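Okay, so here's the structure we're looking at.
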Amino acid sequence: MKAYKLLVILAAAVAGLVFCGCGEDKGPEIIREVSRMNHFLRIDISNELLSIADVTCECVNIYGEKVEYDFYGTTTVLDDNTWKPDSGTLEPKQVVMTLKATPRGDSDTTSSTFRLEATIMSEFTVYDQNNNVMGYNGFEKSMSKTVNAGVKIATILEDNFPVTYSFIITKGDDGTYGVQVQ
């Protein structure tokens, strides 16, 4: 009888161990951490606009640095930077771009009809350590204006510039990222 009781106790112990291990095992918790943030900025300017104005872009870039770019050609990739947690700078909260056009010299009026054109293309992406996108936003904005002969260039430029766009990067309490364009 003692052997029977011992066997029952042993069977109950084994069953208890087996049932304790049957809970739902979700595996290790996966923590999504930012591995990098990328910002890309490209601006296309028409030859006509470059012929009458000095065009510049001021940018507070992904590292928080204020940088100014001058345009000498019609297409310029201004910013193609990657921020990483080990970069030595704080995680970006905002990237701001301002496109300016200042009339060149004494050219106050146009002598013929022409087009003022500028296009801004930009993207901001947040990646985790598995190269998955955690947050993204991009935009393309174009300005195209036909200017007739006799119109004051300074007035046209003042009415259309400066143009400012910002990426606002937010981080939720749950670790999710949002990227908004303003």
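Because the structure is a prediction, the values reported are computed rather than measured. Below, all heavy atoms of this structure are taken into account, side chains as well, without hydrogens, waters or symmetry copies.
Here the shortest heavy-atom pairing between Ile169 and Gln94 reads CD1-N, 3.7 Å. Scanning both residues, Cys57 and Met97, for their nearest heavy atoms gives SG-CB, 4.3 Å.
With Asn130 contributing its side chain and Asn132 its backbone, the two residues share no donor-acceptor pair below 3.5 Å. Not one N or O on the side chain of Arg36 forms a donor-acceptor pair closer than 3.5 Å with the backbone of Val126. Looking at Asn137, its side chain does come within 3.5 Å of a backbone N or O of Val179 through a donor-acceptor pair. Looking at Trp83, its side chain does come within 3.5 Å of a backbone N or O of Thr89 through a donor-acceptor pair.
The closest side-chain heavy-atom distance from Tyr165 to Leu99 is not below 4.5 Å. Under the 4.5 Å side-chain criterion, counting only non-hydrogen atoms from C-beta, His39 is not in contact with Glu123.
Side-chain contacts under 4.5 Å among hydrophobic residues (ILVMFWY), followed directly or transitively, place Phe40 together with Val77.
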Can you give me every donor-acceptor pair (side chain of residues 154-162, partner residue at least two apart or in another chain, under 3.5 Å) with its distance?
| residue | atom | partner | partner atom | Å |
| --- | --- | --- | --- | --- |
| Asn160 | ND2 | Ile156 | O | 2.7 |

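Taking OG of Ser46 as the reference point, atom NZ of Lys145 lies at 13.5 Å (rounded to 0.5 Å). How far CD of Glu91 is from NZ of Lys171: 5.5 Å, rounded to the nearest 0.5 Å.
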